[in-house]
Amino acid sequence: MSTFEGLQRAASGLAAARAGMTVTGQNIANERTPGYTRQRLEQAATPAAGQAARWGADVAVGGGTTVTGVARLGDDLLDARVRDALSASGFWGARAAAAGRAEAAMGEPTETGLAAGLDRFWAAWSDLANTPGGAAAEVVLTGARTLVDQISSGYETVARQWSELRAQVEGDVADVNATASRLAALNGQIRSALQSGREANELIDQRDLLAQQLSTAVGATATLAADGTLTVRVDGNALVSGDRSRELVASGPRDVAEGGAVTVAWADRADVVVALTGGEIGGALSVLAPAESGGALARVAAAYDDTARALASSVNELHRSGQTTAGEPGGDFFALEPGRPAALALRVVPTGLDDLALAAPGAGALDTTIADRIGSLGAAESGPSSTWATFVTGFGVAVAGDVQRADVADIGAVAAVSAQQANASVDADEETINLLTYQTAYQAAARVLTAVDEALDVLINRTGLVGR
């Protein structure tokens, strides 16, 4: 064992300790960096050099230490759990948020809601039946116009929410395409780095963060390939494979009144619809679906239309059966303009008391039987109020279910992310201890180097000199 070999061993210890401090410093510097995964220095003892002699005359001691790499302390299984949890959380969160906004805009059960507006309308007819006259008739007509405006305003609000969400889907799809392109570029860089023997830990962190964003947006799944690249799939088909990515495109109606489903398809295969059962875009598409397919916003719009038609049908049927003060047969109280959604096409026909058919045929000019019957429609089991109340109740239950699922999915996502971070995040206390450990190792290796240097100094410069 050569004395000079001691210098090499001490130098290897210095190099390893210095590398350890560098890795620890990298961890500490990125403690707050989103998506960063802590790293650990990996080193191995260098074996002793082989001896050519048949019988070794010296003690065989190892050659120091060698830095074998920098390990990224991530966990593929925990990363996959996070992506799955974010997919579910994104889906139910987007669905619950959109349905919740629609429910809030309806204003039920408050004085600003349509149910209260209908109640005031029926009450005005009952008051007119009890005290017929110009003032009470004006209250009925004003209340009718207010009710018409309330129905059309409610429909316009939900239609605007539908259009805004439709535009948001297009923007989100564009973001997905851009994210997939960046992930593919990182795949190429990571593959090149690994093939050349370089570390790619930071690049992998950035790529995994993008994969989580794709899972949140479209419910993407990911698998690690043998060459270190990440293959990202949507509906079983590759969105990103190696250093190449595909694009998605949104298509379908742009107004809730048009009907039909908003879909997402492959840009290069427009006829192949992508079934998004997860992610925020998937949740948004489920809300934008037609009413018959359970689309929340379309259901609200359809409920306004149904209420408008039921209101016109029931009131007109009774109003046509009556007579005006002049003995003329009553006409329609409400009209529905053709070619438009019923909620927007509804309007009030009479303009004054003379146009109101309050009396039953042959009962006299002062009779108000028809007005009383119209006022009683509020309590009818199949009347407009019942139609609206039934929808509001069912919609409220559905929204509450979506909110509950969103809460459960959020809890699952938080748990998955917490488990991932517990394994991969930087602990400042632990890194401080590591830093002190490497610092001590560096000082010890330096002391070994000094001791060997002093021994060599005695051997080279002082051997054979006596008395000096």
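In what follows, residues are counted from 1 in the order of the sequence shown. Note that the coordinates shown come from a computational prediction; the quantities given were computed from them, not determined experimentally.
A donor-acceptor distance shorter than 3.5 angstrom exists from the side chain of T393 to the backbone of A389, with no hydrogens or angles considered. Under the 3.5 Å distance criterion, the side-chain polar atoms of E199 are matched with a main-chain donor or acceptor of V70. Panel note: side chain N30, backbone T33; no donor-acceptor pair is recorded below 3.5 Å. Not a single donor-acceptor pair under 3.5 Å links the side chain of S386 to the backbone N or O of G383. Side-chain N or O atoms of S192 include none that pairs as donor or acceptor with a backbone N or O of Q189 at under 3.5 Å. Judged by distance alone, with hydrogens and angles left aside, the side-chain atoms of S181 form no donor-acceptor pair with the main-chain N or O of N177 at under 3.5 Å. A donor-acceptor pair is defined here as one N or O able to donate and one able to accept, closer than 3.5 Å; such a pair exists between the side chain of S286 and the backbone of G283. A side-chain donor-acceptor contact under 3.5 Å links N27 to the backbone of Q39. Judged purely by atom type and a 3.5 angstrom limit, T65 has no side-chain atom pairing as donor or acceptor with the backbone of A45. Formation of a donor-acceptor pair under 3.5 Å by the T216 side chain with backbone atoms of G90 is not found in this model.
Applying ring pair (Phe, Tyr, Trp, His ring centres under 6.0 Å) to Y304 and the options Y155, F395, W388 leaves one that passes, W388. Under the side chain to side chain contact (heavy atoms under 4.5 Å, CB included) test applied with F391, the options V300, L114, D306, T307 reduce to a single match, V300.
The pair R95-E280 does not meet the salt-bridge criterion, since no charged nitrogen lies less than 4.0 angstrom from a carboxylate oxygen. At a threshold of 4.0 Å, the pair D205-R72 counts as salt-bridged, since one of the basic side-chain nitrogens sits closer than that to a carboxylate oxygen. In this structure, E258 does not pair ionically with R166, as no charged nitrogen and carboxylate oxygen lie closer than 4.0 Å.
Atom CG of residue D305 and atom CD1 of residue I151 lie 10.0 Å apart, to the nearest 0.5 angstrom. Summarising the geometry, atom CG belonging to D227 is positioned 8.0 Å from atom CG belonging to N187; distances are rounded to the nearest 0.5 Å. The CG atom of D208 sits 11.5 Å away from atom CD of Q213, with the distance rounded to the nearest 0.5 Å. To the nearest 0.5 angstrom, T437 atom OG1 is 10.5 Å from E431 atom CD. Going from atom CG of L210 over to atom CZ of R182 covers 5.5 Å, rounded to the nearest 0.5 Å. Here the CG atom belonging to L183 is positioned 8.5 Å from the OG atom belonging to S245, to the nearest 0.5 angstrom.
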Begin with the C-alpha distance, continue with both residues' side-chain angles, and end with the deciding distance and a verdict on salt bridge (Lys or Arg N to Asp or Glu O under 4.0 Å) for R405 and D407.
CA-CA 5 Å; R405 293 185 184 94; D407 291 341; over 6 Å; no
Assess whether side-chain hydrogen bond (donor to acceptor under 3.5 Å, both in side chains) is satisfied between S241 and T231, documenting all intermediate values.
CA-CA 5 Å; S241 179; T231 301; 4.6 Å; no
Take R81 and D84, measure what salt bridge (Lys or Arg N to Asp or Glu O under 4.0 Å) needs, and give me the verdict at the end.
CA-CA 5 Å; R81 284 181 56 192; D84 291 342; over 6 Å; no
Please test R160 against E156 for salt bridge (Lys or Arg N to Asp or Glu O under 4.0 Å), starting from the C-alpha separation and ending with a verdict.
CA-CA 6 Å; R160 183 167 55 252; E156 289 171 348; 5.7 Å; no
Given the rule in the side-chain hydrogen bond (donor to acceptor under 3.5 Å, both in side chains) test, do T223 and R233 qualify, once you have shown the distances and angles that lead to the verdict?
CA-CA 8 Å; T223 55; R233 291 183 173 83; 3.2 Å; yes
Evaluate E430 against R40 for salt bridge (Lys or Arg N to Asp or Glu O under 4.0 Å), listing each step before the verdict.
CA-CA 12 Å; E430 180 182 353; R40 180 181 62 197; over 6 Å; no
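The aromatic ring centres of W125 and F333 sit less than 6.0 Å apart.
Residues S89 and D410 have side chains that bring a donor and an acceptor to within less than 3.5 angstrom of each other. Looking at T351 and D355, their side chains do bring a donor and an acceptor atom within 3.5 Å of each other. A donor-acceptor pair shorter than 3.5 Å cannot be found between the side chains of D75 and Q420.
No more than 12 heavy-atom neighbours from other residues, nucleotides or ligands sit within 6.0 angstrom of CD on Q404. Atom CZ of R269 is surrounded by 12 or fewer heavy atoms from other residues, nucleotides or ligands within 6.0 Å. The number of heavy atoms from other shown groups lying within 6.0 Å of CZ (R340) is above 12. The 12-atom threshold is not exceeded at CD of Q8, counting heavy atoms of other residues, nucleotides or ligands nearer than 6.0 Å. In this structure, E292 places its CD atom where more than 12 heavy-atom neighbours from other residues, nucleotides or ligands lie under 6.0 Å away.
Contact detail for A298 and V256: the closest heavy-atom pair is CA-CG2, 3.9 Å.
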